[in-house]
Amino acid sequence: MIDLSTTFGNAWFPSPLFTASGCASSGKELAQFIDLREIGAVVTKSVMSKARHGRPTPRMAETPSGMVNSIGLQGPGIDAFLAEDLPWLVSQKARVIVSIAGETVEEYATLARKVRSAPGISALEVNISCPNVENRGMVFACDPEASRRVIDGVRKTLGGELPIIAKLSPDVTDLVSIAKGVVDAGADGLALINTVLSMVINLDTMRPHLGGKTGGLSGPAIRPIAVRAIYQVHEAMPNIPILGMGGVSTGRDALELILAGAKGVSVGTASFADPAAIITIQNELKELLAARGFTSVAQAVGFAHRPLEEPGNNS
Amino acid sequence: MIDLSTTFGNAWFPSPLFTASGCASSGKELAQFIDLREIGAVVTKSVMSKARHGRPTPRMAETPSGMVNSIGLQGPGIDAFLAEDLPWLVSQKARVIVSIAGETVEEYATLARKVRSAPGISALEVNISCPNVENRGMVFACDPEASRRVIDGVRKTLGGELPIIAKLSPDVTDLVSIAKGVVDAGADGLALINTVLSMVINLDTMRPHLGGKTGGLSGPAIRPIAVRAIYQVHEAMPNIPILGMGGVSTGRDALELILAGAKGVSVGTASFADPAAIITIQNELKELLAARGFTSVAQAVGFAHRPLEEPGNNS
Amino acid sequence: MSSINKFSSRLIATVVSNKRVGQYHQILLNVGEMVNTCKPGNFVAIRVGGDNAKMILRRAFAISRVSLTGPYGGSMELIVAPFGQGSKWLCAQAEGAEIDLIAPLGTAFGIPTEPVRALLVGGGYGSAPLFGLAEVLKNRGCRVDMYLGASTGGKIYAPMEGKRSVNVLRIYTEDGSMGERGRVTEPIPGLIADGLVDVIYSCGPMPMLRAISEIVAGSDVVHQCAVEESMACGVGICMTCVLPVNDEDGNVSMKRSCIDGPVMDGAFVAWDLVGKIPEAHA
Amino acid sequence: MSSINKFSSRLIATVVSNKRVGQYHQILLNVGEMVNTCKPGNFVAIRVGGDNAKMILRRAFAISRVSLTGPYGGSMELIVAPFGQGSKWLCAQAEGAEIDLIAPLGTAFGIPTEPVRALLVGGGYGSAPLFGLAEVLKNRGCRVDMYLGASTGGKIYAPMEGKRSVNVLRIYTEDGSMGERGRVTEPIPGLIADGLVDVIYSCGPMPMLRAISEIVAGSDVVHQCAVEESMACGVGICMTCVLPVNDEDGNVSMKRSCIDGPVMDGAFVAWDLVGKIPEAHA
Ligand SMILES: Cc1cc2nc3c(=O)[nH]c(=O)nc-3n(C[C@H](O)[C@H](O)[C@H](O)COP(=O)(O)OP(=O)(O)OC[C@H]3O[C@@H](n4cnc5c(N)ncnc54)[C@H](O)[C@@H]3O)c2cc1C
Ligand SMILES: Cc1cc2nc3c(=O)[nH]c(=O)nc-3n(C[C@H](O)[C@H](O)[C@H](O)COP(=O)(O)OP(=O)(O)OC[C@H]3O[C@@H](n4cnc5c(N)ncnc54)[C@H](O)[C@@H]3O)c2cc1C
Ligand SMILES: Cc1cc2nc3c(=O)[nH]c(=O)nc-3n(C[C@H](O)[C@H](O)[C@H](O)COP(=O)(O)O)c2cc1C
Ligand SMILES: Cc1cc2nc3c(=O)[nH]c(=O)nc-3n(C[C@H](O)[C@H](O)[C@H](O)COP(=O)(O)O)c2cc1C
Ligand code: FES
Ligand code: FES
């Protein structure tokens with residue numbers, strides 16, 4: 001038997017496989033295809049304080065082994081979310097990680113305050129890959145100071161109970177310094193990686209295909225970028241738990257992220273191809289770990305960082 | 001007839017399709033498969049001042065719709081290059097863009113001095129995606145100040161003759177500001193994008209697969225990132241010629257980069273799958289331009305930036 | 001909503017036959033018991049390109065018809081236009097090939113409890129699900145007229161056997177190469193004025209659906225249309241396939257066409273806002 | 001060097017036959033005139049996965065044999081182990097399938113001008129090109145012994161017809177399931193000591209090639225080995241496939257195994273540096 005359980009701060013999960021924010025809506029739709037109790041946790045679509053329509057369509061374009069999306073955080077707003085979506089998830093006995101997103105440091109803190117008193121939440125994922133309206137729309141996660149302030153505000157509002165997982169963007173020059181900044185500011189864990197800023201041009205209209213012009217690249221195409229990001233950050237901060245994501249669609253992919261340093265793995269785009277993908281991946285991971293002699297996920301986390309003993313005949 | 005010609009600074013090319021640095025060696029090997037005079041230019045493998053062995057093997061891993069490489073700039077050094085490789089290319093009547101790379105600002109200037117007196121070169125591509133040994137190995141292209149100093153040094157050494165194309169890395173928070181910096185420092189054009197920093201973990205050894213641990217992601221997987229980068233930079237500096245690259249393997253892909261703002265398009269990884277790919281792409285591009293009513297490549301450059309007239313029935 | 005895809009499941013189906021019909025492929029898949037839960041209007045999401053494909057998203061196709069019996073057990077028919085790489089791949093699959101599909105998905109056409117006079121309007125391959133629907137309506141005692149339109153005759157899909165369930169079948173092509181020259185929407189205002197139609201069921205390009213909605217606006221005619229938006233997941237988890245829809249209070253919200261559709265009430269779709277964002281929420 | 005791939009070209013070849021032989025697939029391709037330029041030791045680079053594949057790089061396979069005549073004209077034989085996604089795809093291609101290939105690529109085994117005593121050593125599918133080589137050597141009047149080794153019998157490739165060109169064929173398996181138990185390299189020192197061999201031709205896993213190089217070191221025996229390094233392009237333009245090789249002056253440089261190989265002089269390969277970087281250049 002393989003012990004699949006994992007922890008982020010004081011939160012315990014029976015499996016390291018989570019949904020990815022924005023790729024499972026609020027869980028209900030996926031529940032037609034899988035039993036939500038079987039996976040580690042449902043990470044909800046990032047919720048903002050007010051209801052939002054999101055970006056105009058078209059909102060997606062398929063690309064080689066990937067897709068570019070520009071949803072624009074359409075959603076019901078935190079109050080409706082806490083009144084309807086969260087209680088449903090809790091009633092299903094799913095473990096829930098709520099993802100929040102804001103346009104100002106203040107909005108994040110407000111969201112944290114509302115979430116604080118809601119029962120049944122295991123952890124908070126703070127999606128800071130959002131434009132900061134107070135700083136010319138620069139994405140929080142691309143600005144070390146703004147990232148830090150968001151997490152600091154959330155931590156202070158939240159108190160010490162709920163683990164905070166800060167979700168970072170790969171679109172930065174120095175990911176490790178941003179990661180260190182948010183950990184200093186009170187993040188218990190890091191989610192790596194959000195989508196990669198991209199664009200597709202429609203050859204019929206000869207204009208950007210997406211209604212929002214640019215969008216985020218996800219899927220297998222970005223997996224090597226995710227592995228690198230996770231490896232770099234785990235190398236710099238081996239004790240900070242990482243929720244890895246980016247192109248995971250098989251158990252092998254999940255294992256790759258775990259070996260690089262992920263304590264948990266979110267499955268995003270792969271669920272679009274197969275809503276039950278996360279269950280298949282979980283089963284495959286179990287077998288792959290066993291085949292390598294691991295008895296728990298924990299033993300494999302960050303294994304790729306260990307020096308390789310030189311084989312005798314190769315010296 | 002479609003006029004395929006394009007210019008970078010004072011250099012004229014009969015076609016916008018170039019090889020990509022490091023993906024055509026010094027041209028000889030490719031000449032077994034294509035006539036080098038038929039394409040826009042051969043961009044040579046980045047050459048350094050001394051001969052280099054490069055990185056240990058394995059040097060590549062295939063990934064979904066992409067590959068990660070870590071060659072480490074193996075090469076003969078500038079003197080051998082100028083003595084042997086360049087004269088051969090010139091004898092073949094190929095148009096040549098020499099790519100240079102260095103570990104210090106001084107090395108780039110030295111390379112520029114040597115190249116300056118060599119005949120038969122159309123332009124210089126300055127690959128600044130190299131670790132700066134004088135600044136903790138930080139890649140020049142990730143550091144606005146270092147990027148600027150490299151180009152400034154090259155420009156001053158070179159005098160005003162040869163066009164300089166600065167090749168940038170996408171692994172930065174603010175690509176536009178780096179682009180502006182190198183243009184201020186004297187670059188006539190920009191090459192976008194170099195590979196994306198990535199890693200693959202080998203599930204047998206459970207360690208990073210590449211001898212150099214990290215490597216650069218190229219191929220169709222990164223095309224949406226390249227399109228975004230080209231679009232952003234062209235938007236900010238519409239008059240600066242861009243040599244676009246990243247995952248181009250069909251005429252449609254080349255057109256996408258051109259519409260985003262590229263005046264020339266380099267074909268890299270696609271040549272590994274088919275050494276004659278660049279010729280096929282060139283022919284396809286010609287047909288696609290014609291089908292859209294263009295009579296020259298120049299008309300299509302940056303077309304995606306034009307506002308779309310609202311169709312009458314959609315108001 | 002949470003009951004929408006209650007019966008959907010994933011299945012590896014084999015291709016029973018694949019025939020070219022005009023510019024389309026008529027593809028018959030062996031899906032067994034699944035046919036029992038498929039209703040006219042539902043769609044199927046198909047994985048394309050095979051095991052090593054660079055395409056990562058499923059493609060949506062309307063279920064044209066299902067048949068409970070037959071030499072191979074329950075089968076499902078699709079009418080596929082070879083358009084891009086995914087649909088071309090599907091059209092190239094030979095008898096015996098295995099197809100990974102998820103079905104039935106989405107909403108179905110509402111079937112009236114009383115016999116009504118129904119007009120079914122199809123554009124291009126949009127006629128596909130209308131023949132299955134016609135059969136159901138006919139069995140309920142409805143009068144079923146069908147008007148099909150396309151730019152040219154090769155894009156009209158109207159199989160012989162399908163005509164049995166239809167009282168009147170009229171065909172319109174823009175180039176006049178089949179049936180009457182003109183648009184399929186042109187005769188509709190006359191029918192409505194003459195009080196000859198209670199419900200319109202439509203499936204086809206968005207501009208056609210919009211035009212019909214505008215024609216029925218103000219009349220008592222109900223318009224159920226099957227919309228077609230680009231879908232990444234097909235099951236309600238990605239939010240790419242949204243359409244602006246008015247609620248009872250006149251507020252617009254972005255509804256997912258995969259689970260709040262594809263069949264929607266044409267009167268509620270905010271056609272003028274498709275591809276745009278409604279005014280910001282309060 | 002600039003003449004290395006002078007005869008290579010790209011071709012769409014059809015699969016004439018595909019048979020399982022032990023743990024391998026013996027794949028025969030119709031390549032027409034191309035056979036005239038293929039020499040033992042050359043390899044072919046094959047595009048895998050079909051039109052929509054997420055695999056973007058060709059896969060390299062040794063040309064096992066070519067035949068000028070036959071029911072279909074010139075044909076090329078490959079012996080393929082179904083290993084990862086690309087080779088499995090190739091092994092799954094049925095008769096009539098079209099294969100996109102580039103050949104002949106790389107260096108060939110050097111053929112002595114005089115009759116010599118040749119020992120051909122193959123590991124696993126490494127025996128593939130040795131049978132074609134044996135024929136050529138035999139026609140030159142050489143004595144040809146062949147020793148094949150593998151971990152287990154299913155990984156020995158030794159076709160009946162191939163044995164005709166060989167004087168002695170010995171098989172070694174580590175588990176003793178076929179031929180003698182042991183490693184194929186074990187008998188070689190004895191042969192050399194007894195002066196029974198002039199040239200060794202080898203093809204197989206790198207540790208085997210290295211072991212043979214170490215055995216012949218100090219003797220007069222020439223060792224031509226076909227190396228196998230991971231290749232992105234196969235035509236000399238990417239620099240991924242390099243091996244450290246000594247030149248006459250004892251300097252090590254990184255040579256491309258695709259165009260300075262795959263056949264190399266074993267005595268010059270710096271085996272202890274494979275997978276490492278030599279000392280920096282002066
Ligand atoms: C509910 C629904 C029912 C449909 N029914 C049918 C049918 O019965 N017969 C039929 O031939 N086609 C039907 N379509 C359209 C069909 O899904 C597209 O033709 C197909 O997705 C094109 O894929 P491709 O790979 O060939 O094209 P590509 O251009 O390569 O596709 C790229 C991406 O864009 C999406 N896309 C492209 N065109 C369309 C489109 N018209 N609608 C939605 N997404 C698109 C694809 O799904 C894919 O994700 C239906 C679409 C929907 C949403
Ligand atoms: C000169 C040469 C001759 C060869 N001859 C034969 C032969 O006759 N029969 C045979 O079965 N195999 C042969 N191989 C090995 C064959 O190329 C690999 O088995 C094949 O590339 C594996 O691809 P894959 O897609 O199945 O595996 P994957 O693991 O999916 O391949 C991923 C990548 O790694 C590379 N790779 C993986 N394994 C190897 C390997 N052993 N050698 C080189 N590259 C590898 C692939 O080319 C690909 O780029 C030869 C290799 C070389 C270089
Ligand atoms: C359609 C779509 C919507 C997304 N929405 C969100 C979101 O609301 N919040 C967030 O933090 N990440 C969002 N993401 C990013 C994913 O959570 C994930 O980080 C990314 O897609 C990489 O993982 P994948 O390749 O497995 O999809 C979204 C991704 C997609 C494809
Ligand atoms: C094997 C390999 C070697 C490369 N070497 C260089 C190099 O020496 N100098 C350079 O500027 N770029 C180098 N590149 C980057 C390419 O020139 C190009 O920017 C990148 O690969 C994206 O284009 P592509 O997707 O068409 O390959 C190399 C890329 C590859 C794959
Ligand atoms: S297609 Fe994903 S929500 Fe509709
Ligand atoms: S495989 Fe590209 S140089 Fe040898």
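These figures come from a predicted structure and were not determined experimentally. Within every chain, numbering begins at 1; the chains are lettered A, B, ... in the order of the sequence lines, protein sequences first and strands thereafter.
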Can you tell me if [atom1] on [X] sees more than 12 non-hydrogen neighbours from other groups inside 6.0 Å?
X        : atom1 : result
D/Glu174 : CD    : yes
D/Glu98  : CD    : no
D/Arg183 : CZ    : no

Where on [X] is there a heavy atom nearer than 4.5 Å to chain D: the side chain, the backbone, both, or neither?
X        : result
B/Pro64  : both
B/Ala273 : both
B/Ser70  : neither

Acceptor/donor pairs from residues 35-56 of chain D side chains to any protein atom, 3.5 angstrom cut, sequence neighbours excluded:
from: D/Asn36; atom 1: ND2; to: D/Glu33; atom 2: O; distance (Å): 3.0
from: D/Thr37; atom 1: OG1; to: D/Met34; atom 2: O; distance (Å): 2.9
from: D/Asn42; atom 1: OD1; to: D/Lys39; atom 2: N; distance (Å): 2.8
from: D/Asn42; atom 1: ND2; to: D/Gly106; atom 2: O; distance (Å): 3.0
from: D/Asn42; atom 1: ND2; to: D/Thr107; atom 2: O; distance (Å): 3.4

task: Would you mind checking which part of D/Leu57 comes under 4.5 Å of any heavy atom in chain B, side chain (CB onward), backbone (N, CA, C, O), both or neither?
output: both
If I compare all heavy atoms of [X] with all of [Y], which pair ends up nearest, and what's the gap?
X        : Y        : answer
B/Glu29  : D/Ile259 : CG-CD1, 3.9 Å
B/Thr57  : D/Thr240 : CG2-O, 4.0 Å
D/Gly275 : B/Pro56  : O-CB, 3.3 Å

Output a table of donor-acceptor pairs, distance under 3.5 Å, between side-chain atoms of residues 228-237 of chain D and any protein atom two or more places apart or on a different chain; print 'none' if there are none.
from: D/Glu228; atom 1: OE1; to: D/Tyr125; atom 2: OH; distance (Å): 3.0
from: D/Glu228; atom 1: OE2; to: D/Tyr125; atom 2: OH; distance (Å): 3.0

- request: Please step through side chain to side chain contact (heavy atoms under 4.5 Å, CB included) for the pair B/Phe33 and D/Ser8, ending with a clear verdict.
  value: CA-CA 8 Å; B/Phe33 299 91; D/Ser8 6; 3.9 Å; yes
- request: Given side chain to side chain contact (heavy atoms under 4.5 Å, CB included), test B/Met60 with D/Cys241 step by step and report yes or no.
  value: CA-CA 9 Å; B/Met60 73 101 178; D/Cys241 63; over 6 Å; no
task: Walk me through it: do D/Arg59 and B/Glu62 pass the test salt bridge (charged side-chain N to carboxylate O under 4.0 Å, His left out)?
output: CA-CA 11 Å; D/Arg59 304 303 194 251; B/Glu62 199 186 35; 2.6 Å; yes
- request: To the nearest 0.5 Å, tell me how far B/Asn69 CG sits from D/Cys238 SG.
  value: 8.5 Å
- prompt: How far does NZ of B/Lys28 sit from CG of D/Asn5, to the nearest 0.5 angstrom?
  reply: 14.0 Å
message: Could you check whether any side-chain heavy atom of D/Val242 comes within less than 4.5 Å of a side-chain heavy atom of B/Gln74, counting everything from C-beta outward?
response: yes
- prompt: Of the listed residues (B/Leu30, B/Thr63, B/Thr19, B/Asp274), which shares the most heavy-atom pairs with chain D below a 4.5 Å separation?
  reply: B/Asp274
message: Among B/Gly22, B/Ala221, B/Ser65, which residue has the highest count of heavy-atom pairs closer than 4.5 Å to chain D?
response: B/Ser65
message: Quick one: does any side-chain atom of B/Arg59 pair with a main-chain N or O of D/Met239 as donor and acceptor, under 3.5 Å?
response: yes
